Amino acid sequence: MTAPLIDPFARPITYLRVSVTDRCDFRCVYCMTENMTFLPKKDLLTLEELDRMCSAFVGLGVRKLRITGGEPLVRRDIMTFFEGMTRHLESGALEELTLTTNGSQLERFAEELHAAGVRRVNVSLDTLDEEKFARVTRWGRLPQVLRGLDAAQRAGLRVKLNAVALKGFNEDEIFTLSEFCAARGMDLTWIEVMPMGDLGNEDRVGQYWSLNDLRARLAERYTLTDLPERTGGPARYVRLEETGQKIGFITPLTHNFCESCNRVRMTCTGQLYMCLGQEDMADLRPALRNHPNDDAPLREAIREAIAHKPKGHDFDYSRQKADGQVSRHMSHTGG
Ligand code: SAM
Ligand code: SF4
């Protein structure tokens with residue numbers, strides 16, 4: 001019998017987020033620099049290795065798998081991987097297979113994703129203004145993403161929008177974005193910008209817009225009711241009583257959510273990060289590659305890694321600098 005994964009703080013680990021590529025067709029200003037250097041293709045886990053890795057986690061009790069990146073849907077033949085995971089949904093071992101995407105390729109892949117058993121997608125969209133969208137994503141085009149949203153909903157996928165709250169950028173869109181989502185039956189979650197990546201001349205503290213402030217502004221127009229539901233992650237939810245709509249807030253910097261953390265993250269090269277906000281990681285690739293026909297060493301390496309999951313992160317903007325900052329870009333660990 002395989003015992004479930006329990007970390008040193010008695011938290012069961014049932015949720016794995018997997019970055020399947022560090023590449024992306026956008027260059028969002030808070031995520032990447034314009035001239036990113038990407039990993040050599042040979043360093044990436046192959047699709048077969050990704051399957052083996054995820055299957056090992058599922059065998060150890062992971063119930064939810066979120067595929068991310070970079071942009072997961074730009075990885076070549078990625079549908080083969082999704083289709084491979086269908087067997088774990090069908091066996092009941094896996095409860096949910098889902099992804100976070102910028103939406104650019106959804107028009108092409110929505111139906112195939114649904115056929116593979118995906119039922120929900122998170123789409124990142126910070127603005128409904130074409131010019132602002134081009135500015136914040138550098139390379140993205142809004143109409144393509146809007147067509148992706150349509151395709152996803154047509155295919156029967158539930159869509160949640162994730163918007164990064166950016167000071168002086170989308171502050172004026174809290175109501176338009178809420179109304180856009182309400183009209184389409186989509187949930188909306190706001191994310192505080194996090195101090196990921198080397199800041200260089202990018203001013204992450206300057207981009208920071210506290211969700212406490214955003215929430216206060218929402219409350220000027222709507223009656224907000226706190227919802228008790230938690231996902232084991234950093235999101236908290238409110239309901240707008242006038243519309244019934246649910247709005248989420250991901251506030252790693254103003255709330256401590258670590259006590260109920262149920263997740264770990266794997267990079268596209270097979271490094272397991274036990275906490276998004278800490279540098280500590282375990283490289284699972286040797287256990288995978290050195291034992292092509294035996295998963296026991298891989299399972300052992302996973303257990304060993306989980307035994308080192310830290311209690312929490314140390315992000316803190318309170319002293320007007322990005323304390324607790326980690327040097328990785330979000331696209332590396334997978335947001
Ligand atoms: N490319 C996909 C997308 O954009 O949805 C998946 C990967 S992206 C790294 C995952 C999420 O991380 C996106 O919602 C993005 O907005 C968010 N993100 C990226 N950099 C961030 C940062 N510095 N702070 C907060 N969220 C960030
Ligand atoms: Fe690409 Fe997503 Fe990062 Fe934007 S947030 S650059 S879409 S990986």
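This one's a predicted model, so the numbers in the text were calculated from it and none came from an experiment. For ligands, and for the atoms within them, numbers begin at 1 and follow the listed sequence.
For atom 4 (O) of ligand 1, the nearest non-hydrogen atom from the set Cys24, Ser124, Gly69 comes from Ser124.
Contact annotation: Cys28 places no N, O or S atom under 2.8 Å from atom 3 (Fe) of ligand 2.
Applying salt bridge (charged side-chain N to carboxylate O under 4.0 Å, His left out) to Arg221 and the options Glu241, Glu179, Glu242 leaves one that passes, Glu179.
At least one side-chain heavy atom of Met53 sits under 4.5 Å from a side-chain heavy atom of Leu284. Between Val118 and Glu96, every side-chain heavy-atom pair lies at or beyond the 4.5 Å cut-off.
A salt bridge is absent between Arg236 and Asp226: the closest approach of a Lys/Arg side-chain nitrogen to an acidic carboxylate oxygen does not fall below 4.0 angstrom. Glu49 and Arg289 are joined by a salt bridge, as a carboxylate oxygen and a charged side-chain nitrogen come within less than 4.0 angstrom of each other.
Within the structure, the closest approach of Gly70 to ligand 1 falls below 4.0 Å when heavy atoms are considered.
Set against the non-hydrogen atoms of Thr101, the atoms of ligand 1 under 4.0 Å away are 2 (C), 3 (C), 5 (O). Interface of Asn102 with ligand 1, defined as ligand atoms under 4.0 Å from a residue heavy atom, comprises 2 (C), 3 (C), 4 (O), 5 (O). Near Phe26, the atoms of ligand 2 lying under 4.0 angstrom from a non-hydrogen atom of the residue are 6 (S), 7 (S).
With a heavy-atom cut-off of 4.0 Å, Asn122 does not touch ligand 1 at all. Residue-level proximity to ligand 1 for Val193 is carried by backbone and side chain together, each with a heavy atom below 4.0 angstrom. Residue contacts with ligand 1 for Val164 involve side-chain atoms from C-beta outward but no N, CA, C or O (heavy atoms, distance under 4.0 Å).
The 12-atom threshold is not exceeded at CZ of Arg158, counting heavy atoms of other residues, nucleotides or ligands nearer than 6.0 Å.
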